[in-house]
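Here is how names work: the chains are called A, B, and so on, in the same order as the sequence lines, proteins then strands, and each is numbered from 1.
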Amino acid sequence: MKIFNTLTRKIEEFHPIRKGKIKMFVCGPTVYDEIHVGNGRTFVLFDSFAKYLRFKGYLLFYVQNITDVDDKIIDKAKDENVAFSTISERYLNIFMSYMERLRVESVSLYAPASLFIDEIISQIRRLIRRGYAYRGDDGIYFSVSKFDDYGSLSGQKPDNLIPGVRKSVTSSKKNFQDFALWKDMKPGEPWWSAPWSKGRPGWHIEDTAITEYFFGYTYDIHGGGSDLIFPHHEAEIAQMRSISGRKTYARYWMHTGMVNMASEKMSKSAGNIVKIGNVLSRFRPEDLRFFYLNSNYRNVLDFSMDLLEESSTARMRIQNLYRKLGDTGEFTGNHNIELGSIRKKFLSHLDHDFDTRSALREVLHLTSVAFSSIDRLSPASAEEIKRFLMEVDSIFGIISPEKREGNLSRILSGIIAYREELRRARKFDESDRLRSLLREAGISLEDRAGKTEWSVIE
RNA sequence: GGAUAGGUGGCAGAGUGGUUAUGCGUGGGACUGCAGAUCCCAUCUACUAGGGUUCAAAUCCCUACCUAUCCUCCA
């Protein structure tokens, strides 16, 4: 398997530190608001990637942090005049419920920063002791000039940075490139006791504290959005390598491209966000997953409801084939589709920097091949294709589960039989009315050769 | 100013030296009472611009232009 490593800017052969085992960390959300379509891309992509790694037989330990101590959370708590934990818990719950709906189920463990304060303090203490960190007027800072390789991930040289391009330089840093490890308490803000002051951790230190706790000094894969490369991931490398003294922190860095709205990055500050909930009220979770996976994860992905609609159309072909193959006993032909080469290509695309888009192209190709000979298909071939689609779904999560509860099935078979009587009597107005009423109730009817099929569409 | 990734048909998006990408869309047809699903046929001959290398360039080189992301908020 090969993956693009941001550290080297090359597609490299992947070798885990310990054969057969992978430790992967992905930067999670700051729980101060509902996540948007841009955030969702990263979580769905790495969910799918994690499922693929397990599919390949790796024993994967996948940790994601939750930033639940942060300026934005505190600001929002002040606005609403509630405790900061009220805010973080509220949006953590919403985040988790969206992850469930989006079928993101591969994360071994979610680690909220607030539960790792001891580990954070321990790291800062070691950084101070080794001379990498210093006390400023309002907190503890990491001295970037002490760490020679700063900038190795992003290609940035500290001297070329322009101070205050996006954020005003106000604090008591020695150099503007330095970043906060610990922020001293201000009135009304949450705080924890550290040997040097009461306060709260900076953003970058929480991830290294969490990964050290679970993984140790080095681990296999670190993922996140490409907007985190600098400074966040650069800072993580500086912190952990300064502590460990090793040349390597995470061995492979994978970054997802941004989701753009009308050619501009979707972000809260740009005011162009589309919340996940907004999408899920109009599309199935599987449509959104397909939309994400139908692109190269490193490229910028343009979002619009129209593009999502297109994506949904393509996905439905796979869904329809899967449904059509539902009862493989119905197939009586003797035509066999050569699935082996399709499956092989599918897997080799995933092995090449997790190229989900090309892999999906193979699946869509299969739908064309299968549909064009569907009437002649042998039961064995139908079964084989169905198994393959289930395999695809176990990695991608793009086929909506069929809901065929026993009660509903019994009720509907009566209704469908009645509608059939109406149709035979050529009372089409009434039979169509029945169909549209059921559709409003979320049940779709489709008349196929001599038989009416139903499915739940919501 | 610096760093990184790009610019391909109506849209999305592969393709790194020589052959139709593909999908969506659009038009027509088949099937159906209709709808939906599906199939068949057609449509589209495109590579930011200029120059260079070559028998041959979307692909390699140079120049210019344009776009996105980052430069201590961010998935």
Is the closest basic N to carboxylate O distance between [X] and [Y] below 4.0 Å?
{"X": "A/Asp353", "Y": "A/Lys10", "result": "no"}
{"X": "A/Lys51", "Y": "A/Asp47", "result": "yes"}
{"X": "A/Arg423", "Y": "A/Asp432", "result": "no"}

Between [atom2] of [N] and [atom1] of [X], the distance in whole Å:
{"X": "A/Leu364", "N": "B/A12", "atom1": "CG", "atom2": "P", "value": "18 Å"}
{"X": "A/Phe147", "N": "B/U72", "atom1": "CZ", "atom2": "P", "value": "19 Å"}
{"X": "A/Lys10", "N": "B/U4", "atom1": "NZ", "atom2": "P", "value": "13 Å"}
{"X": "A/Glu310", "N": "B/U26", "atom1": "CD", "atom2": "P", "value": "10 Å"}
{"X": "A/Met261", "N": "B/U69", "atom1": "CE", "atom2": "P", "value": "13 Å"}
{"X": "A/Lys183", "N": "B/U72", "atom1": "NZ", "atom2": "P", "value": "14 Å"}
{"X": "A/Arg357", "N": "B/U22", "atom1": "CZ", "atom2": "C1'", "value": "8 Å"}
{"X": "A/Lys265", "N": "B/U4", "atom1": "NZ", "atom2": "P", "value": "19 Å"}

Is it the case that [N] (base atoms only) and [X] (side chain only) share a donor and an acceptor within less than 3.5 Å, ignoring hydrogens and angles?
{"X": "A/Arg317", "N": "B/C24", "answer": "no"}
{"X": "A/Asn299", "N": "B/G13", "answer": "no"}
{"X": "A/Arg361", "N": "B/A14", "answer": "no"}
{"X": "A/Asp375", "N": "B/C39", "answer": "no"}

Contact class for [X] vs. all strands (heavy atom < 4.0 Å): base, sugar-phosphate, or nothing?
{"X": "A/Asn260", "value": "sugar-phosphate"}
{"X": "A/Gly257", "value": "base"}
{"X": "A/Glu264", "value": "sugar-phosphate"}
{"X": "A/Leu45", "value": "nothing"}
{"X": "A/Thr6", "value": "nothing"}
{"X": "A/Phe428", "value": "base"}
{"X": "A/Gly38", "value": "base"}
{"X": "A/Met266", "value": "base"}
{"X": "A/Tyr292", "value": "nothing"}
{"X": "A/Val26", "value": "nothing"}
{"X": "A/Arg298", "value": "nothing"}

Could you tell me how far [M] sits from [N] if I compare only their [atom1] atoms? Round to whole Å.
{"N": "B/U20", "M": "B/C61", "atom1": "C1'", "value": "30 Å"}
{"N": "B/A58", "M": "B/U48", "atom1": "C1'", "value": "12 Å"}
{"N": "B/U63", "M": "B/C47", "atom1": "P", "value": "23 Å"}
{"N": "B/A12", "M": "B/G18", "atom1": "P", "value": "26 Å"}
{"N": "B/G7", "M": "B/C60", "atom1": "P", "value": "11 Å"}
{"N": "B/U54", "M": "B/C70", "atom1": "P", "value": "43 Å"}
{"N": "B/G23", "M": "B/U59", "atom1": "C1'", "value": "23 Å"}
{"N": "B/C74", "M": "B/A21", "atom1": "P", "value": "44 Å"}

Donor-acceptor side-chain pairing of [X] and [Y] below 3.5 angstrom:
{"X": "A/Ser378", "Y": "A/Asn336", "answer": "yes"}
{"X": "A/Glu236", "Y": "A/Thr208", "answer": "no"}
{"X": "A/Asp355", "Y": "A/Tyr297", "answer": "no"}

Practice task
Report the C-alpha separation of A/His255 and A/His233 in whole Å, then their side-chain angles, then the decisive distance to 0.1 Å, and conclude whether the ring pair (Phe, Tyr, Trp, His ring centres under 6.0 Å) test is met.
Solution key: CA-CA 10 Å; A/His255 292 98; A/His233 291 161; 5.0 Å; yes
Handout entry: Residue closer to the 5' end of RNA chain B, A/Ser372 versus A/Ser295 (nearest nucleotide)
Key =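 The answer here is A/Ser295.
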Practice task
Specify the residue among A/Gly224 and A/Asp429 whose closest nucleotide of RNA chain B lies further upstream toward the 5′ end.
Solution key: A/Asp429
For [N], give its Watson-Crick or G-U wobble partner with both distances under 3.5 Å, or none.
{"N": "B/A56", "answer": "none"}
{"N": "B/A37", "answer": "none"}
{"N": "B/G25", "answer": "B/U43"}
{"N": "B/C31", "answer": "none"}
{"N": "B/U4", "answer": "B/A68"}

Output the single nucleotide from [options] whose closest atom is nearest the side chain of [X].
{"X": "A/Arg423", "options": "B/U38, B/A75, B/C34", "value": "B/C34"}
{"X": "A/Asp227", "options": "B/C70, B/C24, B/A68", "value": "B/C70"}
{"X": "A/Arg426", "options": "B/G33, B/U72, B/A75", "value": "B/G33"}
{"X": "A/Ser226", "options": "B/A68, B/U72, B/U69", "value": "B/U69"}
{"X": "A/Leu307", "options": "B/A68, B/A14, B/C11", "value": "B/C11"}
{"X": "A/Arg9", "options": "B/U4, B/G33, B/U72", "value": "B/U4"}
{"X": "A/Ser368", "options": "B/A75, B/C34, B/G23", "value": "B/G23"}
{"X": "A/Met258", "options": "B/C74, B/U69, B/U72", "value": "B/U69"}
{"X": "A/Gln156", "options": "B/U72, B/G2, B/A75", "value": "B/G2"}
{"X": "A/Lys72", "options": "B/C74, B/A75, B/G33", "value": "B/C74"}

Practice task
Answer yes or no: is there a side-chain heavy-atom contact under 4.5 Å between A/Asn39 and A/Tyr98?
Solution key: no
Practice task
Check whether any side-chain heavy atom of A/Phe303 lies under 4.5 Å from a side-chain heavy atom of A/Ile273, and answer yes or no.
Solution key: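 Not in contact.
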Exercise for the section: Establish, with yes or no, whether the OP1 or OP2 oxygen of B/C74 is under 4.0 angstrom from a side-chain nitrogen or oxygen of A/Ser269. Expected result: no
Practice task
Measure centre to centre between the rings of A/Phe214 and A/Tyr219, then say whether the value is under 6.0 Å.
Solution key: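 Not close enough - the centres of the two rings lie 6.0 Å or further apart.
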